[in-house]
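A short write-up of the structure that comes next.
In this chain, numbering begins with 1 at the start of the sequence shown.
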Amino acid sequence: MLPVATYAAEVWGHRCAVTRAARPLDSAQRACLTGITGAYSTTSAPALQVAAGVPPLSMAVQALAARRIGLEQGEADLFGTHIVLPPGSTKAEWKARAEQVTLEAWQRAWEAESRGRTTFDFCPILEERVRLKIPMTPARTQFFTGHGGFDCQLVRIGKALAGLCPDCGVEDNPQHRLDNCPHFANERAEAQQAGLDRSRHLTLDLGTVPDAIWVRWSKDRTEEIKDMEARLVPLETSSSSSEDSDPDAPDSPPTPATRPRRACANGIAYVDIDSSL
C-alpha cells in the first residue's frame, strides 16, 4: 500500500499536514489494518496504528517526502523540525533521521489523542511497540485495543446490557481480566509462568504470552452469561403491604428476599433456584 500511496510524495506530501488531506489516507489505512489484524470494526484508527506498530499513513507520506527532498537538497522540514545532514549523507541516514522525527511527532499526537485510551494504558511509549517486531493476531489485537469480547465493549454495540463482569460486578474490561478477575486466574498464572511482568508496560509482553492465552482472555462471555441466567430466576419483589393482604389467606412462604442473591451482567438481582430449595 505504501508505494502506491507515496507516489510522487515529494510534490504533494506536505499537504498531509492538513487534516482534510490526511483523513482519506488514514481512513484507507484503518480499513487495511482492520483486515490484517482481525480487529473489531469499531476500533479507532489511532489504536489500530499503535497495535500494529505502524505510524499514521499521513505521517509516513510526509516522512518519505522529506527524505526524498533531503537527499536532493541536503535539508528538509518535517513536523516542524528542520533537518540538516552533512553533504553526502546516504539514503539510510536520511531514512533513520526521518523515522526518528516521525516517531517523536507520532508520540506527541498519541499523548494528545482522546481515542484508544485502553491501548494507551498498555502502550504509552510508542518506541517500545515499534521496536517489537511481532505479528498482531486477532486475539492480541482485541485485548490490546479493548475492542473484543469484553462486556464494556459489547454494551456499546448493543450486545450486552450493563457491561459488568458476571463474577465481580465491576466493569468488564481488559485491565480487570488481566489483573483481578478470579475467572481468569488460570490464564493469569500461565501468563506469569510464560514471562508476563505487570511491573512494565504490557506492550513488552505481547510476544511473551502465548496466543492461546490471549484468545481465552479476550473471549466473549455472552453465552456463558446466558447459560447462567437460564439457571437463575429474577428476585421477586417484597410482599404486599399488610393493609392490602387478605386476613383469611393462609400464611405465605418466607419472602425470597432472604434467599442468596447474585448480580448478573444485566444489572438484575437473581437467585439460584437450587439454593432456594
Requested in this report: Could you tell me whether Asp151 and Arg221 make a salt bridge, using a distance below 4.0 angstrom between a side-chain N and a carboxylate O?
Outcome: no
Report task. Could you tell me which non-hydrogen atom of Leu57 sits nearest to which non-hydrogen atom of Leu25, and how far apart they are? Result -> CD2-O, 3.5 Å
Query - Test item: Leu202 and Leu196 side chains (from C-beta on) under 4.5 Å apart, heavy atoms - result: yes
**Report entry** Nearest heavy atoms of Ile134 and Gly207, plus distance in Å
**Finding:** CD1-N, 3.5 Å
Query - Minimum heavy-atom distance between Asp121 and Pro124, given as atom pair plus value - result: O-CD, 4.1 Å
**Report entry** Non-hydrogen side-chain atoms of Glu75 and Leu85 separated by less than 4.5 Å
**Finding:** no
Query raised in the report: Which atoms form the tightest heavy-atom contact between Leu48 and Ala39, and what is the distance?
Result: CD2-CB, 3.5 Å
Requested in this report: In plain terms, say whether Arg97 and Glu93 are close enough for a salt bridge, that is, a side-chain N and a carboxylate O under 4.0 Å apart.
Outcome: no
Query raised in the report: Thinking salt bridges, do Glu190 and Arg216 make one under a 4.0 Å N-O criterion?
Result: yes
Query - Side-chain heavy atoms of Arg200 within contact of Asp205, under 4.5 Å - result: yes
Query raised in the report: Shortest non-hydrogen contact from Met136 to Ala51?
Result: CG-O, 3.0 Å
Requested in this report: Measure up the Phe122 and Phe144 rings against each other and bin them: parallel (under 30°), tilted (30 to 60°), perpendicular (over 60°).
Outcome: parallel
Requested in this report: State, to 0.1 Å, how close Ala9 and Ala65 come at their nearest heavy-atom pair, and which atoms those are.
Outcome: O-CB, 3.3 Å
Query - Side chain to side chain, Gln49 and Leu33, heavy atoms closer than 4.5 Å - result: yes
Requested in this report: State, yes or no, whether a side-chain contact exists between Arg198 and Leu178 at a heavy-atom distance under 4.5 Å.
Outcome: yes
**Report entry** Check: Gln192 and Asp197 side chains under 4.5 Å, non-hydrogen atoms
**Finding:** no
